[in-house]
2 protein chains.
Amino acid sequence: MRWTPQRRSVVAALSGASGHVTAAELVERCRDQDPTTTPSTVYRTLDVLEELGLVRHGHGADGREEFHVQPAVEHGHLYCSACGGRWEIAEGQAQAVVAAFASVDGFEVDLSHMTVVGVCGACARAGGR
Amino acid sequence: MRWTPQRRSVVAALSGASGHVTAAELVERCRDQDPTTTPSTVYRTLDVLEELGLVRHGHGADGREEFHVQPAVEHGHLYCSACGGRWEIAEGQAQAVVAAFASVDGFEVDLSHMTVVGVCGACARAGGR
DNA sequence: GGCCTTATTGCGCATAGTTGCAATAAGCGC
DNA sequence: GCGCTTATTGCAACTATGCGCAATAAGGCC
């Protein structure tokens, strides 16, 4: 694999981003560094980085792509359709969920891929949806 | 609300579609009936129909929008990243999953909104990922 | 049946993401 | 350091989706 300046740029933008980034945001960030950055290069670099296992992509509540640097622990995401809040699925909770899915046909869920939508406890108590 | 021919067209295309359809597919179908159909009209009609509660949208494994006619029972979707299979989450399974999410902070999951990705039992046993 | 209000449409443009292809340049071998 | 192979890039065009706005027409009112 060739270590080109534009790849450096993408990786730099990625690590400079805390948590999750949209592909579009990444393009933005890269352009801040180097205005000649082309979107397609960023997208393709992301694909490569993903193949290498350096990053993972998922989809936000609106289905848009989001990337996050591969963390030590896999983590899913929750989105509250009432308050718009987003947060990570707690460890224990994740295990319970994985177990729940596995219980039927041994389906091994990858919670990190998609944002799970619903109403958070606070909003639910406040009157829900 | 005005019952225009183009809305009829969209609804017809929707009911003619078994299960789930992509917005793009819907545009196609409408064009089959009436070649003058404009994409934006279809998208907007879908928004309206959703407000009325006639259809629901969710996101496939790739984050693309998918619509399904509001069924009697809410149902989530599973996607196997190994074999590409897709199927609905079984009733009991759904309950277990909802309970698992609720257990921590009372989060009320809406499983129907996003496709859950993972590896199905068969593929997992056959060697996983 | 004709008129008027205003919800809808259709057009043109904008954004997010993707792809084909020719031009470019990384990194290997010498 | 030089040249060669071929992975990568950049461009341009394209799909999916969404938005603003002026033109159109649905449906209520008379």
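Proteins come first, then strands; the chains are lettered A, B, ... in the order of their sequence lines, and each starts at number 1. Quick caveat, the model's predicted, so the values are computed rather than measured. Quick note: numbers below take in every heavy atom, side chains included, and nothing from hydrogens, waters or symmetry partners.
- Comparing the start and finish of the helix from C:dG1-D:dC30 to C:dC30-D:dG1, five pairs each, the helix axis swings through 20°, to the nearest 10 degrees.
- For residues 64-73 of chain B, the salt bridge (Lys or Arg N to Asp or Glu O under 4.0 Å) pairs, not counting sequence neighbours, are B:Glu66-B:Arg86.
- A:Glu108 places no side-chain N or O within donor-acceptor distance of the main-chain N or O of B:Gly118, the cut-off being under 3.5 Å.
- Protein atom CE of A:Met1 is 8 Å distant from nucleotide atom P of D:dT9, rounded to whole Å.
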Mind listing the N/O atom pairs, protein and nucleotides 15-20 of chain D, below 3.5 Å?
| from | atom 1 | to | atom 2 | distance (Å) |
| --- | --- | --- | --- | --- |
| D:dT17 | OP2 | B:Ala24 | N | 3.1 |
| D:dT17 | OP2 | B:Tyr43 | OH | 2.7 |
| D:dT17 | O5' | B:Tyr43 | OH | 3.1 |
| D:dG20 | O6 | B:Arg44 | NH1 | 3.3 |

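- Across the interface with DNA chain D, nearest-nucleotide mapping of B:Pro5 and A:Thr37 shows A:Thr37 to be the residue nearer the 5′ end.
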Just list the side-chain donor-acceptor pairs under 3.5 Å for residues 4-12 of chain B, sequence neighbours left out, or say none.
| from | atom 1 | to | atom 2 | distance (Å) |
| --- | --- | --- | --- | --- |
| B:Thr4 | OG1 | B:Arg7 | N | 3.3 |

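- Atom CD of A:Glu91 has 12 or fewer neighbouring heavy atoms from other residues, nucleotides or ligands inside a 6.0 Å radius.
- Dashed line: the shortest gap from a side-chain N or O of B:Arg2 to OP1 or OP2 of D:dG28 is not under 4.0 Å.
- Legend: ring pair (Phe, Tyr, Trp, His ring centres under 6.0 Å) pairs involving residues 29-50 of chain B, not counting sequence neighbours: none detected.
- Heavy-atom contacts from other residues, nucleotides or ligands closer than 6.0 Å to CD of A:Glu25 number more than 12.
- Distance check: B:Ile89 CD1 to B:Leu111 CG gives 4.5 Å after rounding to the nearest 0.5 Å.
- Aromatic rings of B:His57 and B:His68 (six-membered ring for Trp) have centroids beyond the 6.0 Å cut-off, not under it.
- Under a 3.5 Å cut-off, the side chain of B:Asp105 and the backbone N or O of B:Phe107 do not form any donor-acceptor pair.
- A nucleotide of DNA chain C counts as in contact with chain B when one of its atoms lies under 4.0 Å from a heavy atom; the first and last such, 5' to 3', are C:dT5 to C:dC11.
- Position along DNA chain D of the nearest nucleotide to A:Asp34 versus B:Trp3 favours A:Asp34 as the more 5'-ward residue.
- For CD of A:Glu50, the number of neighbouring non-hydrogen atoms (other residues, nucleotides, ligands) closer than 6.0 Å is greater than 12.
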